Amino acid sequence: MPKTHEFSIYFYTGHKGRFGHEFFRFEIDKQGYLKYANNSNYRRDSIIRKQLRLSPALVNEFKRIIRDSEITAEDHTRWPQRDESGRIQLEIDLDGQSTSFETARISSLADTANTQDPEGLRVLYYLVQDFKCLIQSIISLHFKIKPIA
């Protein structure tokens, strides 16, 4: 019987600012459930929480994105420490390897340029953008209020 490795992701980016604690967070647990939370207090918006089960094909797509990014080969020790501007936290269990990263919030690709490890932060930045696009698409499609005619 082939040995299967468990897979999970935890991602958080957030800060405390003018509108309070604002964040984007998602988790894919070992059973393939996606838990999503987005809190933007702008215009007194409330927190959005969604949960759904991902198909094996989507779980495999997340794995492919992570492998293709080569984020697990990066070392975050030279990345900026989290500060009052916020933080990014990423934890990945993939192929029997656990990887954990934490750094200061990255608002744009330009934020990576003047750091000790700009290439590593670029890898993280693009991975986060891929995650956000895919997660937002999944949430939008799964919880569509009006069916597509």
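Small disclaimer: the values here were computed from a predicted structure and weren't measured.
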Above 12 or not: heavy atoms from other molecules or residues under 6.0 Å from [atom1] of [X]?
X   : atom1 : answer
D68 : CG    : yes
R53 : CZ    : yes
K16 : NZ    : no

If you measure from [atom1] on [X] to [atom2] on [Y], what distance do you get to the nearest 0.5 Å?
X   : Y    : atom1 : atom2 : value
N38 : I139 : CG    : CD1   : 10.0 Å
E91 : T99  : CD    : OG1   : 10.0 Å
I88 : T13  : CD1   : OG1   : 4.5 Å
D29 : L54  : CG    : CG    : 9.0 Å
L90 : H76  : CG    : NE2   : 10.5 Å
Q89 : F11  : CD    : CZ    : 9.5 Å

Restricting to non-hydrogen atoms, name the atom on [X] and the atom on [Y] that form the minimum distance, rounded to 0.1 Å.
X    : Y    : answer
G14  : R105 : O-CD, 4.2 Å
P80  : T115 : CG-CG2, 4.0 Å
F24  : Q136 : CE1-NE2, 3.5 Å
P118 : A113 : CB-O, 4.0 Å
H15  : S85  : CB-O, 3.2 Å

Q | side-chain contact (heavy atoms from CB on, under 4.5 Å) assessment of I138 paired with L58 | A | CA-CA 9 Å; I138 292 167; L58 270 172; 4.0 Å; yes

Q: Begin from the C-alpha positions of Q97 and T72 and carry the test side-chain contact (heavy atoms from CB on, under 4.5 Å) through to its verdict.
A: CA-CA 9 Å; Q97 179 182 1; T72 56; 4.2 Å; yes

Q) Do S98 and D93 meet the criterion of a side-chain donor-acceptor pair at a distance under 3.5 Å? A) yes

Q: Indicate yes or no: at least one non-hydrogen side-chain atom of I66 is less than 4.5 angstrom from one of I9.
A: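 They are in contact (side-chain heavy atoms under 4.5 Å apart), so the answer is yes.
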
Q.
Within the 4.5 Å heavy-atom criterion, are L124 and I106 side-chain neighbours or not?
A. yes

Q: Please collect all side-chain hydrogen bond (donor to acceptor under 3.5 Å, both in side chains) contacts where either partner lies in residues 119-130, sequence neighbours excluded, each pair once.
A: E119-R122

Q) Parallel, tilted or perpendicular for F62 and F26, by the 30°/60° rule? A) tilted

Q: Check the angle between the aromatic planes of H21 and Y12 and answer parallel, tilted or perpendicular using the 30° and 60° thresholds.
A: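 Answer is tilted, since the angle falls between 30° and 60°.
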
Q: Evaluate the criterion side-chain contact (heavy atoms from CB on, under 4.5 Å) for residue pair L52 and Y36; output intermediate values, then yes/no.
A: CA-CA 9 Å; L52 58 112; Y36 163 88; over 6 Å; no

Q: Among E70, R64, K63, find the residue that satisfies the side-chain contact (heavy atoms from CB on, under 4.5 Å) test when tested with R67.
A: K63

Q: Consider only side-chain heavy atoms of I, L, V, M, F, W and Y, link residues closer than 4.5 Å, and tell whether I135 and Y33 are in one cluster.
A: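 No, it is not one cluster - the side chains of I135 and Y33 are not joined through contacts under 4.5 Å.
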
Q: For the pair H142 and L34, evaluate side-chain contact (heavy atoms from CB on, under 4.5 Å) and give the outcome as yes or no after the intermediate values.
A: CA-CA 12 Å; H142 188 80; L34 168 65; over 6 Å; no

